[in-house]
Amino acid sequence: IIPIRSSASLPMAVEVRGLSHRYPVGDGLITALEGVNLTVKNGEFVAVVGRSGCGKTTLLRTIAGLLSPTSGQVKVLGGSSDSARQARALGLVTQDPGLLSWLNVASNVRLTLDITGEEGRDERAQELLERVGIAEFARLVPGQLSGGMRQRVALARALAHRPKLLLMDEPFGALDELSREEMRLELLRVWEQERTSVVFVTHSIREAVLLADRVVVMNGQPGHVTAEVLIPLERPRLGTLEESQPYRELVARVRGLLWSEPVAHGD
């Protein structure tokens, strides 16, 4: 097993220090995150795994600037995550593709570029549709597409404005297993070309190990980072990698770290 590259000397895409977040509930507060530290290097693909309720989505939404930290610090690309400048440098893909039903595929992909008035947006949309393998469906509307195809459109749209950081929250969670496997490989192929920094939240250990340079393990309620595992598997990665002994050993290692802590019952 050999790593493709080292990013130790590159600047940070994400720096999270001592992050805590509390949600108001009735007359009290529920602590979703407590003392979370996380870094993502420029060009690095980091997967975050954890059981339901450990705060993975809260962490991602805080990095995206959609939530404000109760305490601690979040830096994105060297600045605050909620600034307009940083927001334009982010791409977000969630489990719900969030496509506009009245626009065709090409128009959905071009939407951000239309808003910013960027030149060459038709060419950029076409390039991305070809890259994710659905150029022939450019004139269809979302209702005419399968779930996997809609997620391809969502990925193309998120990449349209060339974000420096791509945030992905269970983007393949609603897909059947075959579509999910297909999208994993598609994401790998696109990432190899774009090399955008990625934070990828998932419940799937196998998915995390296949995709990431590093897997961050979260546990507890409130959620906190309990371990990080470097994934030194050679790139580019193919679906056959999942049959290899090094891959299986890494999956087993992450699984052991994930289940080494008991489920917390409390706030």
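Numbers here simply count residues along the sequence, with the first being 1.
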Item to complete: Check the pair V229, L257 against side chain to side chain contact (heavy atoms under 4.5 Å, CB included), reporting the backbone distance first and the verdict last.
Response: CA-CA 9 Å; V229 179; L257 291 167; 3.4 Å; yes
Discussion item. Let's go through E192 and R195 carefully: what are the C-alpha distance in whole Å and the side-chain angles of both, what is the deciding distance for salt bridge (charged side-chain N to carboxylate O under 4.0 Å, His left out) to 0.1 Å, and is it a yes or a no?
Written reply: CA-CA 6 Å; E192 288 289 346; R195 289 300 174 113; 2.6 Å; yes
Item to complete: Check step by step if side chain to side chain contact (heavy atoms under 4.5 Å, CB included) holds for L99 and R157.
Response: CA-CA 9 Å; L99 305 178; R157 183 184 59 187; 3.7 Å; yes
Discussion item. Please evaluate residues M218 and L59 with respect to the criterion side chain to side chain contact (heavy atoms under 4.5 Å, CB included), reporting the C-alpha separation (whole Å), side-chain torsions for both, the decisive distance (0.1 Å), and the verdict.
Written reply: CA-CA 10 Å; M218 290 185 66; L59 172 61; 3.9 Å; yes
Worksheet item: Going through the distances and angles, do R237 and I231 end up as a side chain to side chain contact (heavy atoms under 4.5 Å, CB included)?
Response: CA-CA 12 Å; R237 296 178 186 169; I231 309 298; 3.8 Å; yes
Worksheet item: Which is it for E118 and R162 under the salt bridge (charged side-chain N to carboxylate O under 4.0 Å, His left out) test, yes or no, and what are the steps along the way?
Response: CA-CA 11 Å; E118 184 172 325; R162 296 178 174 85; 3.5 Å; yes
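H21 places a side-chain N or O within donor-acceptor distance of the main-chain N or O of S68, the cut-off being under 3.5 Å. Of the possible donor and acceptor atoms, one in the side chain of Q144 sits under 3.5 Å from a partner among the backbone N and O of V141. When atom types are taken as modelled, the side chain of N42 and the backbone of A13 share no donor-acceptor pair closer than 3.5 angstrom. In this structure, T62 contributes its side chain and T58 its backbone to a donor-acceptor pair below 3.5 Å. Within the 3.5 Å criterion, the main-chain N or O of R110 finds no donor-acceptor partner in the side chain of R124. Although no hydrogens or angles enter the test, the distance criterion places no donor-acceptor pair under 3.5 Å between the side chain of W191 and the main chain of F45. Between the T202 side chain and the V49 main chain, no donor and acceptor come within less than 3.5 Å of each other. Checking side-chain atoms of R51 against main-chain N and O of N219 turns up no donor-acceptor pair under 3.5 Å. In this structure, N108 contributes its side chain and L100 its backbone to a donor-acceptor pair below 3.5 Å. Between the E44 side chain and the K41 main chain, a donor and an acceptor come within less than 3.5 Å of each other.
Closest approach of A138 to L129, counting heavy atoms only: CB-CD1, 3.8 Å. When all heavy atoms of R150 and L145 are compared, the pair lying nearest together is NH1-O, 2.5 Å. Here the closest heavy-atom approach between residue L233 and residue P246 is recorded as CD2-CB, 4.1 Å. The two atoms that bring Y23 and L67 nearest to each other are OH-CD1, 3.3 Å, heavy atoms only. Between P232 and L250, the shortest heavy-atom contact is CD-CD1, 4.2 Å. Scanning both residues, T196 and L165, for their nearest heavy atoms gives CG2-N, 3.8 Å.
For the pair R235/D213, a side-chain contact is recorded, criterion being any heavy-atom separation below 4.5 Å from C-beta on. Between L210 and L188 there is a side-chain heavy-atom pair separated by less than 4.5 Å. Within the 4.5 Å cutoff, side-chain heavy atoms of L175 are placed close to those of Q151.
Taking CG from L77 and CG from L90, the interatomic distance works out to 6.5 Å, rounded to the nearest 0.5 Å. Note: N37 CG to R17 CZ = 6.0 Å, rounded to the nearest 0.5 Å. Expressed to the nearest 0.5 Å, how far CG of L167 lies from CZ of F200 amounts to 12.0 Å. For the atom pair CG (L19) and CD (E15), the distance works out to 13.5 Å, reported to the nearest 0.5 Å. Remark: T226 OG1 to L258 CG distance equals 7.5 Å, nearest 0.5 Å. How far OG of S107 is from CG of D122: 8.5 Å, rounded to the nearest 0.5 Å.
Side-chain atoms of D169 and T94 form no donor-acceptor pair, as typed in the model, at a separation below 3.5 Å.
Comment: E123 does not engage R121 in a salt bridge, judged by the lack of any side-chain N to carboxylate O separation of less than 4.0 angstrom. A salt bridge is defined here as a Lys NZ or Arg NE, NH1 or NH2 lying under 4.0 Å from an Asp or Glu carboxylate O, and E34 with R22 meets this definition. In summary, E182 and R152 engage in a salt bridge, as defined by a charged side-chain N under 4.0 Å from a carboxylate O.
L185 is connected to V132 through a chain of hydrophobic side-chain contacts under 4.5 Å among Ile, Leu, Val, Met, Phe, Trp and Tyr, so both are in one cluster. The hydrophobic cluster containing V198 does not contain L230, counting ILVMFWY residues as joined when their side-chain heavy atoms lie under 4.5 angstrom apart, directly or transitively. Note on V76: it clusters hydrophobically with V225, by side-chain heavy-atom contacts below 4.5 Å among ILVMFWY residues. L111 and L155 fall into different hydrophobic clusters, where Ile, Leu, Val, Met, Phe, Trp and Tyr residues are linked whenever their side-chain heavy atoms come under 4.5 Å apart, directly or through other members. Under a hydrophobic clustering in which Ile, Leu, Val, Met, Phe, Trp and Tyr are joined whenever their side-chain heavy atoms come within less than 4.5 Å, directly or via other members, V40 and L66 fall into the same cluster.
The 12-atom threshold is exceeded at CD of E177, counting heavy atoms of other residues, nucleotides or ligands nearer than 6.0 Å.
With M168 as reference, L187 is the one residue of V48, L92, L187 to meet the side chain to side chain contact (heavy atoms under 4.5 Å, CB included) rule. Of the options H203, K56, Q95, a side-chain hydrogen bond (donor to acceptor under 3.5 Å, both in side chains) to E170 is made by H203 and by none of the others.
Applying the salt bridge (charged side-chain N to carboxylate O under 4.0 Å, His left out) test to residues at least two apart or on different chains, the pairs with a partner in residues 201-211 are R180-E207, R184-E207, R206-E242.
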